[in-house]
Amino acid sequence: MSRFELKMLSDGGEIALLVPGDDAVMHVAHVYPPLEQYPLGTDRYVNDRPNLFLDALDITDGNEPRDDASPGDQERAETGNSVSLRSLAQRAARASADGSGNARRFKDGRDLWDKITAHAAAAVNATGAEPIVDVRRNHNWKKNQPLRNHGADPAAWFVSHFYSRSNSRKDAFFAARGMDQVFVALAEGNVSANPEVVQEVERTRVARDGNADYPTYAQMAKLLDDSNMLVFHDDASFAAWLREQGKAQDVMYPDTPVDVWTEPDPTADPDDPGYLAPHSQLPAGHLANVLAPREAKQ
């Protein structure tokens, strides 16, 4: 579910910010008049005045939204047209480029969308972080997993249906390198034929690409229908875990199949033994060797 939505109201050029309530239903939290739609303003930091762009970033950073809508705003928003943060940022950039509006305020409109996306991407980038493998019992994604509401690392390996398999040796589990490959597998592959999941994937993709609103880890686990989803932030940590599990031969074996989804390196040779196709099924031990080849013994 998106953490916020924006709608243009039909009168006065106002924009409504909608956020999900405890019942998951979107409701109006604040209505921004034109003066609160400037890209940036130093008065925000002095007086904490509402600002559409900064408030949206606050929400993507995990902070609570403003919630001071007036009676009647909800009804007005029901007839409003949805608009993306990206479109509004690009509008501000155009105004900045042609010199219209207040020059002092609009000077920050240049490259505004690039600044927003860079900020959002930096917040979810977890390169080098420890794998998220403590996801069972009271630490699963439906309960007390500490990172459940944190924006998901878009470049991570998302591993699902590992602990729910009936045959730990023969049944495959799912592994996708990158958030986009999860979306591809769910919407275009054979992982799910549920139209509701496909629609939710599209909503999640639109929120990320249009509002810089990355899904949380809990939302990714829900998409994959696995409260015990595992996360690895790089190839090396995933390969090390595969080898560790294969050696233990408890929940997995070296020859256990893995349903792998990746975006191939465009410079890689498809005939190379280390090449990973967009979709393949590989033994876990072989996948580990492809991701992190062992050093040759001297």
- Message: Pair Asp134, His139 - check side chain to side chain donor-acceptor pair (under 3.5 Å), show working.
- Response: CA-CA 6 Å; Asp134 184 11; His139 281 179; 2.6 Å; yes
- Message: As a quick check of understanding, evaluate side-chain contact (heavy atoms from CB on, under 4.5 Å) for Phe53 and Leu88, giving each step before the final call.
- Response: CA-CA 9 Å; Phe53 298 102; Leu88 296 173; 4.1 Å; yes
- side-chain contact (heavy atoms from CB on, under 4.5 Å) between Leu224 and Leu186, intermediate numbers included: CA-CA 8 Å; Leu224 287 168; Leu186 291 172; 4.3 Å; yes
- Task: Determine, stepwise, if the pair Val19 / His27 fulfils side-chain contact (heavy atoms from CB on, under 4.5 Å).
- Result: CA-CA 6 Å; Val19 297; His27 70 276; 3.7 Å; yes
- Item | Arg243 vs Trp241, side-chain contact (heavy atoms from CB on, under 4.5 Å): CA-CA, chis, key distance, verdict | CA-CA 5 Å; Arg243 289 178 176 133; Trp241 179 83; over 6 Å; no
- Could you go step by step and tell me if Asp235 and Arg177 meet the salt bridge (charged side-chain N to carboxylate O under 4.0 Å, His left out) rule? CA-CA 9 Å; Asp235 290 354; Arg177 179 163 58 187; 2.9 Å; yes
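Looking at residues two or more places apart in sequence or on another chain, you find a ring pair (Phe, Tyr, Trp, His ring centres under 6.0 Å) between Phe238 and Trp157, Phe232. In this view, Arg165 satisfies the salt bridge (charged side-chain N to carboxylate O under 4.0 Å, His left out) rule with no residue, not counting sequence neighbours.
A distance of 9.5 Å separates CD1 in Ile116 from CG in Asp114, rounded to the nearest 0.5 Å. Atoms CZ and CG, on Arg86 and Leu6 in that order, are 14.5 Å from each other to the nearest 0.5 Å. One finds the OG1 atom of Thr60 at 5.5 Å from the NE2 atom of His119 (value rounded to the nearest 0.5 Å). The CG atom of Asp68 lies 9.5 Å from the CG atom of Leu17; values are rounded to the nearest 0.5 Å. In this structure, Gln145 CD and Asn228 CG are separated by 10.5 Å, a value rounded to the nearest 0.5 Å. With rounding to the nearest 0.5 Å, the separation of CG in Leu54 from CD1 in Ile59 is 11.5 Å.
Looking at heavy atoms from C-beta onward, Met220 lies out of side-chain contact with Tyr214 at the 4.5 angstrom threshold. Considering only heavy atoms from C-beta on, Val31 stays 4.5 Å or farther from Ile15 through its side chain. The shortest distance between side-chain heavy atoms of Met179 and Arg208 falls below 4.5 Å. For the pair Leu52/Asp55, no side-chain contact is recorded, criterion being any heavy-atom separation below 4.5 Å from C-beta on. Between Lys222 and Gln219, the closest side-chain pair of non-hydrogen atoms is not below 4.5 Å. When side chains are defined from C-beta on, His286 does not count as touching Val258, because their heavy atoms never get closer than 4.5 Å. In this structure the side chain of Arg169 reaches within 4.5 angstrom of the side chain of Asp255, judged on heavy atoms. Side-chain contact between Phe173 and Met252 is present, with at least one heavy-atom pair separated by less than 4.5 Å.
With Tyr217 as the aromatic partner, Arg148 does not meet the cation-pi criteria of under 6.0 angstrom to the ring centre and within 45 degrees of the ring axis.
Side-chain atoms of Asp171 come within 3.5 Å of backbone N or O of Asn167 as a donor-acceptor pair. Distance alone, capped at 3.5 Å, places no donor-acceptor pair between the Glu14 side chain and the Leu9 backbone. In this structure a side-chain-to-backbone donor-acceptor pair under 3.5 Å is missing from Asp61 to Asn63. Of the possible polar contacts, none joining the Asp259 side chain to the Gln281 backbone as a donor-acceptor pair under 3.5 Å is found. Between the side chain of Thr256 and the backbone N or O of Ala172, no donor-acceptor pair lies under 3.5 Å. Looking at Ser70, its side chain never comes within 3.5 Å of a backbone N or O of Asp73 through a donor-acceptor pair.
Under 3.5 Å, the side chains of Arg91 and Gln37 contain a donor-acceptor pair of N or O atoms. If you check the side chains of His233 and Asp153, you find a donor sitting under 3.5 Å from an acceptor. Donor-acceptor pairing under 3.5 Å is lacking for the side chains of Arg3 and Asn211.
The pair Glu244-Lys247 does not meet the salt-bridge criterion, since no charged nitrogen lies less than 4.0 angstrom from a carboxylate oxygen. Using a 4.0 Å cut-off between charged side-chain N and carboxylate O, Lys7 and Glu78 make no salt bridge.
Linking ILVMFWY side-chain heavy atoms closer than 4.5 Å, directly or via other members, places Tyr253 and Phe162 in two distinct hydrophobic clusters. Put simply, Val251 and Leu282 are part of the same group of oily side chains (I, L, V, M, F, W, Y) that touch within less than 4.5 Å, one to the next.
Looking at every heavy atom in both residues, Asp226 comes nearest to Trp141 through O-CD1, 4.2 Å. The shortest non-hydrogen separation linking Ala268 to Pro270 is O-CD, 3.4 Å. Taking each heavy atom of Tyr32 and Pro50 in turn, the nearest pair found is CE2-CB, 4.1 Å. In plain terms, the two heavy atoms of Pro254 and Gly246 that are nearest each other are CD-O, 3.5 Å. Annotation for Asp225 and His161: closest pair O-NE2, 3.4 Å, computed over non-hydrogen atoms. Nearest heavy-atom pair, Trp113 versus Leu85, reported as atom, atom and distance to 0.1 Å: CZ3-C, 4.0 Å.
Shown are Thr204, Val198, Val197; of these, the side-chain contact (heavy atoms from CB on, under 4.5 Å) with Glu200 is made only by Thr204.
Counting non-hydrogen atoms of other residues, nucleotides and ligands closer than 6.0 Å to CG of Asp23 gives a total above 12. Counted within 6.0 Å of CD on Glu263, heavy atoms from surrounding residues, nucleotides or ligands total 12 or fewer; the atom is thus considered open.
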Counting only pairs under 3.5 Å, give me each side-chain donor-acceptor contact of residues 123-132, with atom names and distances, residues two or more places apart or in other chains.
unit_1: Asn125; atom_1: OD1; unit_2: Thr127; atom_2: N; d: 3.0
unit_1: Asn125; atom_1: OD1; unit_2: Thr127; atom_2: OG1; d: 2.7

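Note on ring orientation: taking the six-membered ring where Trp is involved, the planes of Trp261 and His279 are parallel (angle under 30°, cut-offs 30° and 60°).
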